[in-house]
Structure formats: C-alpha cells, structure tokens
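Okay, so here's the structure we're looking at.
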Amino acid sequence: SLYGVYGTNPAVARISEVIGAGALYCLPIFMPHRCTLDTVGIRTNAGVSGQNLKLALYHATGAGTAGLKIYESGNLSLTAAGDKQVTGLSIVLEAGLHFLCVLASANVAVNWCSNTSLHDLFGRSGSTGVDSLLGYGTGYIALPADLTLASPAYLGSAGFAPDVYWAAT
C-alpha cells in the first residue's frame, strides 16, 4: 500500500490557515510506480454552513504543471469541521507526477504543513512571503477538463501547503 499526507514529515510544524474561496490549490504528488488510488481527502478545522469543497486529480504536463483532469469529486459539505474524503475510488495512476487539488466555495481553515520545498519544485525563491503553491483562480465551478492552457498563480506562503491526503494500493 501507498499513502501520504502532503508534506509527509510528521515532525514539521502544522498551522491552521485558510484556503481561499474559488481558488484551485494544486499539490504535486509523486507515485513511484503504477498504483490504484482509493482515497483522497483533506481535514477542515472549522465548519462553514451551506458551503462545499471539491477534490480533484490532474495529470502533470511535461512542464510540471497541472494538465488533463483524471477525477473530480462531487460536493463535500463544509457544514462541520473534520475529514472531507472520498473513499472506494479505483483510479489507476501511472508512475510519475500528478496533482491532488482542492477547491472550496468559501474560505475555510485547514491544516497547512511547513517545509514542503514547493518553492524548489517550481523554481521560486524560498524567502519568506513568496507565494509558491501552484494554483488557479477558477471560481467554484465544474473544474476544467484541461488546465494546460490556463495561467497558474502562486498561492500560499513559501514552504507551506494544505494537508491533503491519499491512499493507494
């Protein structure tokens, strides 16, 4: 079995930060070999009545950005804090880089992990305050089938990223 929490080192600091409404946060995940993904999720720290969240998977392009969509969840309610996850999936992922993405209809607090080195991955400065998490301003919509032509933004603070998680066999 394979599993991971983005920023898998349990010794690093976790902080509670907000993911912004309508911004698609894309977190790179590397699969060392072909596997079948069965769970994706994120834990929220607060409830937001009447609002939702979606999780999605995208293939990486040769340029290391999100490309073709593999999977998009339905709406996951944000009414109560806790795990927002989808289980029972059977998504075959080939070895290599993919993106696990999160999109919320409202600002919502989630755990963020530090020391992710995202700035290194995307060739950006590691200095404090430099946004280094790949993202897109989509609005809360059905996610595009292909992000290849979209212009990515850089979200979050250098070295920090939302704690998303996954499991595969």
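The first residue of the sequence shown is numbered 1, and numbering continues consecutively from there.
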Discussion item. Could you walk me through whether Leu76 and Asn52 satisfy the side-chain contact (heavy atoms from CB on, under 4.5 Å) test, starting with their C-alpha distance in whole Å, then the side-chain angles of each, then the deciding distance to 0.1 Å, before giving a yes or no?
Written reply: CA-CA 5 Å; Leu76 304 172; Asn52 297 296; over 6 Å; no
Please enumerate all residues that pass side-chain hydrogen bond (donor to acceptor under 3.5 Å, both in side chains) together with [X], with sequence neighbours excluded.
{"X": "Thr61", "answer": "Thr65"}
{"X": "Thr44", "answer": "none"}
{"X": "Asn107", "answer": "none"}
{"X": "Thr79", "answer": "Ser77"}

Given side chains that start at C-beta, do those of [X] and [Y] come closer than 4.5 Å, heavy atoms only?
{"X": "Leu93", "Y": "Ile70", "result": "yes"}
{"X": "Pro28", "Y": "Phe30", "result": "no"}
{"X": "Leu37", "Y": "Tyr71", "result": "no"}
{"X": "Leu53", "Y": "Asn75", "result": "no"}

Discussion item. Show every ring pair (Phe, Tyr, Trp, His ring centres under 6.0 Å) that has at least one partner inside residues 41-66, sequence neighbours left out.
Written reply: His59-His98
How far does [atom1] of [X] sit from [atom2] of [Y], to the nearest 0.5 angstrom?
{"X": "Ile42", "Y": "Leu27", "atom1": "CD1", "atom2": "CG", "result": "8.0 Å"}
{"X": "Ile19", "Y": "Tyr25", "atom1": "CD1", "atom2": "OH", "result": "6.5 Å"}
{"X": "Cys101", "Y": "Leu55", "atom1": "SG", "atom2": "CG", "result": "9.0 Å"}
{"X": "Cys26", "Y": "Leu147", "atom1": "SG", "atom2": "CG", "result": "6.0 Å"}

At their closest point, which heavy atom of [X] faces which heavy atom of [Y], and how far apart are they?
{"X": "Gln51", "Y": "Ala106", "answer": "CG-CB, 3.4 Å"}
{"X": "Arg43", "Y": "Asp83", "answer": "NH2-OD2, 2.9 Å"}
{"X": "Ala56", "Y": "Leu143", "answer": "CB-CD1, 3.4 Å"}
{"X": "Ala81", "Y": "Ala46", "answer": "CB-N, 3.6 Å"}

Discussion item. Could you go through Lys54 and Val102, starting from their C-alpha distance and side-chain angles, then the distance that decides it, and tell me whether this counts as side-chain contact (heavy atoms from CB on, under 4.5 Å)?
Written reply: CA-CA 6 Å; Lys54 292 180 183 182; Val102 60; over 6 Å; no
Worksheet, complete the sentence: Gln85 meets the side chain to side chain contact (heavy atoms under 4.5 Å, CB included) criterion, sequence neighbours left out, with Thr39, Thr87, Tyr165
Worksheet item: side-chain contact (heavy atoms from CB on, under 4.5 Å) between Lys69 and Phe99: does it pass, once the steps are laid out?
Response: CA-CA 9 Å; Lys69 183 169 60 177; Phe99 285 89; over 6 Å; no
Worksheet entry | hydrophobic_cluster_shared for Val18 and Val48, side chain cutoff 4.5 Å | no
Worksheet entry | Stepwise side-chain contact (heavy atoms from CB on, under 4.5 Å) check, Ile91 with Thr36 | CA-CA 5 Å; Ile91 300 169; Thr36 302; 6.0 Å; no
